[in-house]
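Have a look at the structure below before the remarks.
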Amino acid sequence: MQSMRILQLHCDYIEFTPVKKEIKSAEEIEPKSKRLDEVVVAFVAVEDGDNSDVAKRAMNEISESMKKIGCSKLLLYPYAHLSSKLASPSTALSVLKEMEMQGNGLEIQRAPFGWTKSYKIQVKGHPLAEHSKTISAGEEKESTSEALKAESKIQSFWHIMTTDGKMHDIDKFNFAKHQSLEVLAKYEAAKKRSVDEPPPHVKLMKKLAIADYEPASDAGNMRFFPNGRLIKSLIERYVTEKVVEYGGFEVETPIMYDSHHPSMESYFNRFPARQYNVNSEGKQLFLRFAACFGQFLMAKDFQMSYRNLPLRLYELTRYSFRREQSGELVGLRRLRAFTMPDCHAMCKDMEQAKEEFRKRFDLSRQVIKGLGLDEADFEMAIRFTEEFYNENKDLIEELVSKIGKPVLVEMWKDRFFYFVLKWEFNYVDNLGKASALSTDQIDVENGKRYNIEFIDETNKPQNPIILHNSPSGAVERVIYVLLEKAAKDQREGRKPGLPLWLAPTQVRVIPVKPEFLDYCEKLTEKISQQDIRVDLDDRNESVGKSIRDAETDWIRYIIVIGEKEANAAKLSIRDRKTGAVKELTTDELVREIKKETRGMPFLKMNMSRYVSKRPQIMV
RNA sequence: GCCUCGAUAGCUCAGCCUGGUAGAGCGAACGCCUCGUAAGCGUUAGGCCGCGGGAUCGAAUCCCGCUCGAGGCUCCA
């Protein structure tokens, strides 16, 4: 079958000079040089049989891909050498002219037809810069991004699965008791929502001096103040501990990769133009958008036996980078640079993969719970191919029944992604936006793609099935969820707060008068030695003011020291959770805090112990 | 990427419509008060009104362009 061939290059510039006529029917033009900057050059070979329908399709394809790379200047460059079944020159020229006329909202130029031209060209370094396609009458084929094409055609069937394993129509399901699930289902299936205010966590992240935008960087790259860094460190440590307990081995892989490395190219074709690119010494590098390929390339170099499986590799990626569309970045919900715990398990067969999948499901639930969320705080979605469902109903129904409430189901007629099964926990925020936290996938494709091998029982090499799990989701997103949850508490009349183990200050000591400072200092030191984050408000402010400041900082325990306490064993402790003042000895207080933070990591205070010594972070 | 909105003191914002000395609260510095569970009092310092251009005798204010940011759409491996 004949088809037009196109090689499309996104260029910094092209400069060409018509040298001499190549064929008799060449266009009559002035042989002048021309230079174009920031342009997409499409080398086009028109084949025998191409017609105006093909011209139209070709232009649609070109303009579509140019939209993706954000360029609207196009140079059509007749280039016979791409084909051996060329159309006649007159047909070719008329097809090219049709393409030029069609426009598609682009600024189009055309290099002269039929001339030998010398040219100088500089092609850009991003993965989508080079792109070839073949357009034929009747069908279309795109050699570099079939997957993308397929994605828009992919057929999904949406359902609700109840804990008894029954599937229900979304339209007929009674959401009365499952409002967040309804939001998620509508969000996913219909993509309908409309709000026009920033989500409440944005104010909170600033007020609590956790994080802020950094205008001197790129959008979606946040700065984290001491409080934010502390909270992130604690979450990171917690998730890592849990993954290591489960059996993960922590590794570290590079954050940038060569775009032209053979293992990268096929990955790119699925997910184009969504990464940061870095040029260095002629290499075109991109910043990783996940830990997958780092770990896959590592596993490829392992000599593995089936006896070594399942093998779990884990990395806390600080950072992963995704160049999300600017309009999609909001506070800490979605970032362009984020910290993703990413754990892969290589399994010898589907049986082992399923077993492992169950373990990781439990791990993820445990981690989410430790982070201060419970089943009521998120909605699960589970996605699978029809084939996988038919063969593995038991596994899917088991997961749903463990969650103990209905979940959203997406079923695909055919496998499009590299996985056959995926679930995720979604948090639905105050504005009805859903975002995924934990997730796990069964990947049946990348073992082969990356040439990862193990030797099976019969001494034959096999590709493992790979599970992709993040037990918590991005660390920044966990903070977003905790703050949104706090905002919800506030809105509904409860006191907002962070889990005690994550609070930058757990206890604050306030003297009634400066003369008690000495006593306060000794007390602060004593509590601090028990691995509790305690600070001292040594400013000469009124007690009322100090209490107020501590309350607006969400500090859980406030100890006021005056005449009475300095001469007695018991302390007056204001517990923010109840709002009441209670009397406890120091040891009793320490025990209470230890009990509530048991099993969770501890880090020392990340600011001066003295409130008067701290800069105000006004953002 | 498209659409909408925004940018004034360290922070949050008023002033802009209707052009004529740059405002408040918080925070900061200094001083007074010496205080018992959510804001004690006073004084002072602090501004290229995002950048560039235009019309005007005169611009924070009106017009044009740009940059940056936010929200929505789309997207979200």
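All heavy atoms count here, side chains included; hydrogens, waters and symmetry mates do not. Computed from a predicted structure; not experimentally measured. Naming convention: chains lettered A, B, ... in sequence-line order (proteins, then strands); numbering from 1 in each chain.
Taking the P atom of each, B/C3 and B/U8 are spaced 24 Å apart, rounded to whole Å. As rounded to the nearest Å, B/G69 and B/A55 have P atoms that lie 32 Å from one another.
Nucleic acid contact for A/Val330: sugar-phosphate only, since backbone atoms but no base atoms lie under 4.0 Å from a heavy atom of the residue. Residue-level contact check: A/Gln616 touches the backbone only, with heavy atoms under 4.0 Å from sugar-phosphate atoms and none from bases. Contact annotation for A/Glu563: base contact, defined as any heavy-atom pair under 4.0 Å involving a base atom. Residue contacts shown for A/Leu329 are limited to sugar-phosphate atoms, with no base heavy atom under 4.0 Å away. A/Tyr213 comes within 4.0 angstrom of sugar-phosphate atoms only, judged by non-hydrogen atoms across all strands, and of no base. Here A/Gln441 lies in heavy-atom contact (under 4.0 Å) with sugar-phosphate atoms only.
In this structure, the side chains of A/Tyr276 and A/Asn221 come closer than 4.5 Å at one or more pairs of heavy atoms.
Note: A/Phe425 CZ to A/Thr439 OG1 = 9.5 Å, rounded to the nearest 0.5 Å.
With B/A38, B/G69, B/G27 as the choices, the nucleotide that has an atom nearest any side-chain atom of A/Ala219 turns out to be B/G69. Among the nucleotides B/U37, B/A39, B/G40, the one closest to the side chain of A/Ser542 is B/G40.
Other residues, nucleotides and ligands contribute only 12 or fewer heavy atoms inside 6.0 Å of the NZ atom of A/Lys577.
At least one side-chain nitrogen or oxygen of A/Arg574 sits closer than 4.0 Å to the OP1 or OP2 atom of B/A38. At the phosphate of B/G27, OP1 or OP2 sits under 4.0 Å from a side-chain N or O atom of A/Lys545.
A side-chain N or O of A/Glu476 and one of A/Thr339 form a donor-acceptor pair less than 3.5 Å apart.
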